[in-house]
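Below is one structure, written out as structure tokens; comments come after it.
Each chain gets a letter, A, B and so on, in the order its sequence line appears, and its residues count up from 1. Keep in mind that the numbers below use all heavy atoms, side chains included, and drop hydrogens, waters and symmetry copies.
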Amino acid sequence: MKFTILINEGPYQHQSSDSALHFVQAALEKGHEIFRVFFYHDGVNNGTRLAVPPQDDRNLPKEWSALAEAHGLDLVICIAAAQRRGVMDADEAKRQGLDADNIAPGFRISGLGQLIEGGIQSDRLVVFGD
Amino acid sequence: MKFTILINEGPYQHQSSDSALHFVQAALEKGHEIFRVFFYHDGVNNGTRLAVPPQDDRNLPKEWSALAEAHGLDLVICIAAAQRRGVMDADEAKRQGLDADNIAPGFRISGLGQLIEGGIQSDRLVVFGD
Amino acid sequence: MAMLHIVNKSPFERNSLESCLLHAKPGATVLLIEDAVVGAAQGTVLSDRIQKALESVKLAVLGADLEARGIAQEKLVDGVNVVDYAGFVDLVTGHDNNQSWL
Amino acid sequence: MAMLHIVNKSPFERNSLESCLLHAKPGATVLLIEDAVVGAAQGTVLSDRIQKALESVKLAVLGADLEARGIAQEKLVDGVNVVDYAGFVDLVTGHDNNQSWL
Amino acid sequence: MSEVKKFLYVNRKAPYGSIYALESLEVVLIGAAFDQDVTLAFLDDGVYQLVKGKNTEAIGMKNFSPTYSALGDYDVTKIYVEKESLEARGLTLGDLMDLKYEDEDDDWAEKDSIRVVSASEMADIMDTQDIVLSF
Amino acid sequence: MSEVKKFLYVNRKAPYGSIYALESLEVVLIGAAFDQDVTLAFLDDGVYQLVKGKNTEAIGMKNFSPTYSALGDYDVTKIYVEKESLEARGLTLGDLMDLKYEDEDDDWAEKDSIRVVSASEMADIMDTQDIVLSF
């Protein structure tokens, strides 16, 4: 089956990103397809490359990036939510006149339509949040 | 009286940063002293300079920066919480081998001891969170 | 000593106001802010609980949060006090200590 | 149609499980993940409610979250099923639709 | 995959204490452009999102209540509010905003978007959806 | 301002579903170096933080239970757990970790750090604090 996953919370503060990651890994192992992972609300904070958690802790943004690379996942960060919270790619930072960006590899910034399209194109949409 | 304020949540997702901001403004107007505002947990996300909320919305990180400049507030971001979540100043980014930083003006990164010291040095400590 | 208890979540959604009222000692003040203000309205399933709480503690709500949720002051349970942010500050300085029920 | 309901918050803290059970139709499955797993234990103030819910819906808990909270499988209310993440995926594909009670 | 899907947006949280109500509404507006079968459900504290007479000046946030009134223009016309949730909170239909739409199948007659339903009817509505979005 | 203040850490949330339990513990450890009068309160879902026999392998997070056992070494020896909260959750003292400290005023005798108290006693404990930290 084809899945779209919605993640509403940032890493660490709540378990939603962890739960979603384990769900996606299990779905891939079963041969399912992940059409898209959409990051909304504070979920956009999963897409920063500046996180440096303690050595003995998991690095959630890096785990998402690695999973995306290994399986060609489409990790989409909502642009409106990202602007509110300060998650920027190079283009968007430039457009906003900012001097830095912080997006992690494997993530891309796009609009909310990508979430709706995920719902339309997938067999199942599963939401992880607070 | 002398206050220390603890903020446990990031901007926008929850009202805690807004409530704390209004509380601090009211306390200053009444002639009280704000010894320190300490940002912990997702609260560290208040200290990013990369946030660009919609024109008709408030810009919480900028409001904190402006208040800090106007009143000499000490805005302290917990270093451990900030590392987990990707809030970095130039020094810390360099030390971690990162290619960018995102801290907003008027914020500084320091340890949890600053929170305890705030409790000891202030007459009242008020916590805002989820 | 008299303590200020601060509650910020809707009591229809979470247990924090209930837990707060269980631990607030007579003479304490309970301030409802943010989503918690909805708990102070008349005619809800919790109004009786609020009325009863007023026999031993003082109850206040933050007016700014009340207005933002469209609840008129006249709709509050009798005896609940409305304060602004300045009043919030006064409540903190006017009590010996305070606790946020997050 | 049979729906999968996903609840992730402790029913001692929030109303989401209660609201979910009020809306889950006979034949539906309710999966408890994250902090919600504590609601499936025996001997709690909610055990009777869970037992009653089992008369019309199926209940499952995510084993990984159960272990992380130190709750042994033997302590679950009888009839509650334990699944791993693969089982979570199967529950999603095995139901016509799903809803998260956030 | 070109058939129309049934999308349900479930709103269970009060506005302003958290951003979910506002950002949920933003999804609804964007989603309206996709010509799917859209339904909005308001239950539990979500019913506070529709209460009229809000003034957000003192909390310093934008009042997004007017956006709900615009939903009819986006062809979002099925707004279900749970009776039990209203009653538990001492609210009636009269406390809610008066949301309308013009029915193109009925000579553009103005009709109410809000329909108060029981928890049991809400359960039926949820059960028949393809996609349930909750925030 | 050099007098010793009474610091209370209030723990009301279950571990792992959110980070509050872990990051609260990090504050307690840092705060222990300041020689203040420290008390920890566990009530409502916070009691789950002290339940023994946790295994976090499958959720991929670090199990921080051992840190609670180290609190005695940091002179954090007053750990109050609410009886009503345990009972509502079907838990007893026997389900919790066995936290100990060595009492320097009593020839380093090993003593229990955890004391189960009623809600009424918990209210008294809260009432006498200078600083209450909740996360």
Q.
Would the distance check show the side chain of C/Ser100 and the main-chain N or O of B/Val127 forming a donor-acceptor pair, the cut-off being under 3.5 Å?
A. yes

Does a donor on one side chain sit under 3.5 Å from an acceptor on the other, for C/Asp35 and B/Gln15?
no

Here the pair of heavy atoms bringing C/Glu34 nearest to B/Ser19 is OE2-OG, 2.5 Å

The interface call for B/Asn8 against chain C, heavy-atom contacts under 4.5 Å, is side chain

Atom NZ of C/Lys25: over 12 foreign heavy atoms under 6.0 Å
yes

Name each donor-acceptor pair under 3.5 Å that joins a side chain in residues 44-53 of chain B to protein atoms two or more places apart or in another chain, with its distance.
{"unit_1": "B/Asn46", "atom_1": "OD1", "unit_2": "B/Ser17", "atom_2": "OG", "d": "2.7"}
{"unit_1": "B/Asn46", "atom_1": "ND2", "unit_2": "B/Glu9", "atom_2": "O", "d": "3.0"}
{"unit_1": "B/Asn46", "atom_1": "ND2", "unit_2": "B/Gly43", "atom_2": "O", "d": "2.9"}
{"unit_1": "B/Thr48", "atom_1": "OG1", "unit_2": "B/Leu50", "atom_2": "N", "d": "3.0"}
{"unit_1": "B/Arg49", "atom_1": "NE", "unit_2": "A/Asp99", "atom_2": "OD1", "d": "3.0"}
{"unit_1": "B/Arg49", "atom_1": "NE", "unit_2": "A/Asp99", "atom_2": "OD2", "d": "3.4"}
{"unit_1": "B/Arg49", "atom_1": "NH1", "unit_2": "B/Asp101", "atom_2": "OD1", "d": "2.8"}
{"unit_1": "B/Arg49", "atom_1": "NH1", "unit_2": "B/Ile103", "atom_2": "O", "d": "2.9"}
{"unit_1": "B/Arg49", "atom_1": "NH2", "unit_2": "A/Asp99", "atom_2": "OD1", "d": "3.2"}
{"unit_1": "B/Arg49", "atom_1": "NH2", "unit_2": "A/Asp99", "atom_2": "OD2", "d": "3.3"}
{"unit_1": "B/Arg49", "atom_1": "NH2", "unit_2": "B/Asp101", "atom_2": "O", "d": "3.1"}
{"unit_1": "B/Arg49", "atom_1": "NH2", "unit_2": "B/Asp101", "atom_2": "OD1", "d": "3.4"}

Residues of residues 8-24 of chain C with a heavy atom under 4.5 Å from any heavy atom of chain B, in residue-number order, are C/Asn8, C/Lys9, C/Arg14

Output for pair (C/Asp96 CG, B/Arg124 CZ), nearest 0.5 Å, gives 6.5 Å

Bottom line for C/Ile6: the part with an atom under 4.5 Å from chain B's heavy atoms is side chain

Contact list (residues 36-55 of chain C to chain B, heavy-atom gap under 4.5 Å, by number) returns none

Under a 4.5 Å heavy-atom criterion, the part of residues 69-95 of chain C in contact with chain B comprises C/Arg69, C/Tyr85, C/Ala86, C/Phe88, C/Val89, C/Asp90, C/Val92, C/Thr93, C/His95

Open item on the list: Closer than 3.5 angstrom, by distance alone: can the side chain of C/Asn98 be matched with the main-chain N or O of B/Leu125 as a donor-acceptor pair?
Closed with: yes

Neighbour count above 12 (heavy atom, 6.0 Å) for B/Gln96 CD
yes

